[in-house]
J.: 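Can you read through this structure? Questions will come right after.
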Amino acid sequence: MGDAERILVIEDDHHIREFIASALESEEYRVINAGTAARGASEAVKHIPNLLLLDLGLPDQDGVEFIRDFRGWSTAPILIISARTQESEKVAALDAGADDYLTKPFGVSELLARVRALLRRAPAQRTEDTPLIRFGDYSIDCVTRTVMRHDVPLRLSQIEYRLLLVMAANPGRVMTRRQLLIQVWGSQAAENDEYLRVYVGHLRQKIEATPAQPRHILTEVGVGYRFQP
Amino acid sequence: MTIALQRIPNFWPAYAIPFIGVAIGSIVVSPLREVQYLSDVTLLYVLAVVLTGVKFGRGPAISCAITSSLAFAYVFVPPYFSLAITKWQNLLSAGIMLLVALLVGHLTASLRSHAKTLEERANRSLALYELARNLAGKQTSAEVKTSAIRFLCDTLQAASPELYFPADFDTPTSPLTTNLIHASIEYRHLISTPDGTDDQSLVILPLIASTGAQGVLAFKVSTRVIESSHYRELAETVASLVGVALERTHFAEIARQSELKSADQNLRFTILSSLSHDIRTPLTSLIGTVDTLMLARKLPPEKQDSLLNGLRAQAQSIHRLVSNLLEMAKLQSGGIKLNKEWQPIEEVIGTALRQANDITQERTVTVDIADDLPPLQFDAVLVERVLWNLIENACKYSPERSPIEITASQNGKFVDVAVCDRGPGLPHGKEEEIFRLFQRGVLESSVPGAGLGLAIAHNITEAHQGKLLAMNREGGGSCFHMQLPAGTPPPLNFRD
């Protein structure tokens, strides 16, 4: 099998499959193609991919269902491809365990950047390994629960700290509002989007130079937030 | 207002009260018979008959006149407490009194009934006038229905009234049946049938206008009331008023629809001609470029790069056009549900700018957002689309590298987000027109785009009860203002 990382591409349109495959192969990944969900499932079991690229509009199975099945036995990152009209489907897929999404039409450079980011993160997903998280001018010490900016401590409330920690622990990854709410407030708050908006606003005021054009906490409209280190 | 229809007094009191009154009066006045002249006493009896006539009508007045003359003969004419009359003068006065009492009673009662009829007629005219005026202001058949039903309840003492349109004729609610509906329409007049319960009748009132039956009114009313010819007359007048009003709204609706249809056809034509230009142009260059690249493989690499870049740009422009079209189709078909949530406006300004990064790279974009803007209730995806379209528009219609300014501020009951450029500005007097579908400031220009962007932005803003305004700017250029209403966000309880 060699050292090349294996990427399973499940996409029904063969033109798209072809250009994705050639782009990935040019970056020395090993690509396994599948045109249907059924075929994809059997290829996944056979090759155990390091990353799954999944089109949400498959003819033979609902993408969200596929993700649930796949998550049952694999933790490999899932990058979904969706058309713009499927906002709610995107959220459902992310909630079911997908890691990121691309909206059609997308450019090859964007695709490669997302794939790289997901593969880089994959082996070390547990944040407890690194008690210190750094981003921009900031560092978070998970042991003392302090956030420093150029060695000056930042005053954050409990909730603000937890929210920042959850986001910073998942750099580059889209987190749905529901995921953030559950991780920060607990499952009973899963529907209270307003909490999240208000606290993201507070956090931006504290850590962003220009809160209206944030550098770190980016909004994914209709979906959630993406933390950019 | 309720119209009294021939108020029929209860039978017994109307006769009993004058009878008892006369009896008591006679006994009370009887001790005075020695000092009183008989003629004075007869006047008292005539007075009683007049009062009865005014109060209770003809029948009781006549009965009172007879009672009075008997009482007079019994109590005041000697021999007392006997109906025997011994003197012929006394017999004469008793006879004349009876005659006068009968005559006066009759006249009073006639006068009373005339006054009553007149009053009723006036009330009825007033009610009908009110109804006619009310119906004249109605635009839709549903509004006419509401007015008619309210009138039936308030003025015609109708219970559970319902208006059936021709489409509902086959599904009436019991006890009304389809047969009854068709019978009333055929008869062209009110028909009533006993309800079976209490003493209520079911009344079916066909609403006939010049083009046929516009519907049927059905209601329940007490059987005694429906037997009055005045009531039936009034009900039929109401029916013809409502029928004409329904006919009018029906034709108004048809006119409106045909107007829409013709506007629709015009639009379709404009879309087709505009699209054939806007889609064919980039497609032509796309096919041409690909062919060139395939045929001339020996082109120098920098030439190839430039052709490939062009290819990408053309594909992007088709993508933008197609997504605009899809968006517009969604908006126009009314198939879009706003996913409104309370959120800060600066968030979408940020994401729109991030999305527009490709097209604003060469420019300086300044953003100025007022502090303490209240959160607004809007659909983030759609409002982001509005801002993106405004930014794209500003880039398309202003010189390269010229600055773009974005401001957000509170303006009375609205929060105003403005996207301003330093382009040529808008043609005077056309500030409104540019929001129409497929309308551009300059006809047939080389700038790509089908004039969809602003129309979409306009539609989305309107769907949020907001306003999209375009105006020229001092010092050159134009400003597009998206104004969204500021409401009161729900209070939040936080545990922190």
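A note on names: the letters A, B, ... follow the listed sequences, proteins ahead of strands, and every chain is numbered from 1.
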J.: Out of B:Q343, B:E384, B:E347, which one pairs with A:T219 under the side chain to side chain contact (heavy atoms under 4.5 Å, CB included) rule?
T.: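 Considering B:Q343, B:E384, B:E347, a side chain to side chain contact (heavy atoms under 4.5 Å, CB included) with A:T219 is found only for B:E347.
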
J.: Any side-chain to backbone donor/acceptor pair from B:R354 onto A:L218? Under 3.5 Å, distance only.
T.: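 Not confirmed, B:R354 side chain does not pair with A:L218 backbone.
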
J.: Considering all heavy atoms of both residues, which atom of A:G222 and which atom of B:V381 are nearest to each other, and what is their separation?
T.: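 Reported closest heavy-atom pair: CA-CG2, 4.0 Å.
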
J.: Taking only Lys NZ, Arg NE, NH1 and NH2, and the carboxylate oxygens of Asp or Glu, determine whether A:R197 and B:E341 approach each other closer than 4.0 Å.
T.: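 Judged by the 4.0 Å cut-off on N to carboxylate O distance, A:R197 and B:E341 do form a salt bridge.
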
J.: With a 4.5 angstrom heavy-atom cut-off, which part of A:R162 approaches chain B: side chain, backbone, both or neither?
T.: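 Contact with chain B involves no heavy atom of A:R162 at all.
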
J.: Measure the spacing between CD of A:Q213 and OG1 of B:T351 and express it to the nearest 0.5 Å.
T.: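 Answer for the CD-OG1 pair, A:Q213 versus B:T351, is 11.0 Å.
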
J.: Pick from B:H319, B:E346, B:R312: which one has the most heavy-atom pairs with chain A under 4.5 Å?
T.: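 Counting heavy-atom pairs under 4.5 Å, the top option is B:H319.
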
J.: Please classify the contact between A:Y161 and chain B as side chain, backbone, both or neither, with a heavy-atom cut-off of under 4.5 Å.
T.: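 Neither the backbone nor the side chain of A:Y161 comes within 4.5 Å of chain B.
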
J.: Is A:E28 atom CD crowded by more than 12 heavy atoms from other residues, nucleotides or ligands, each under 6.0 Å away?
T.: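 It does not: A:E28 CD has 12 such atoms or fewer within range.
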
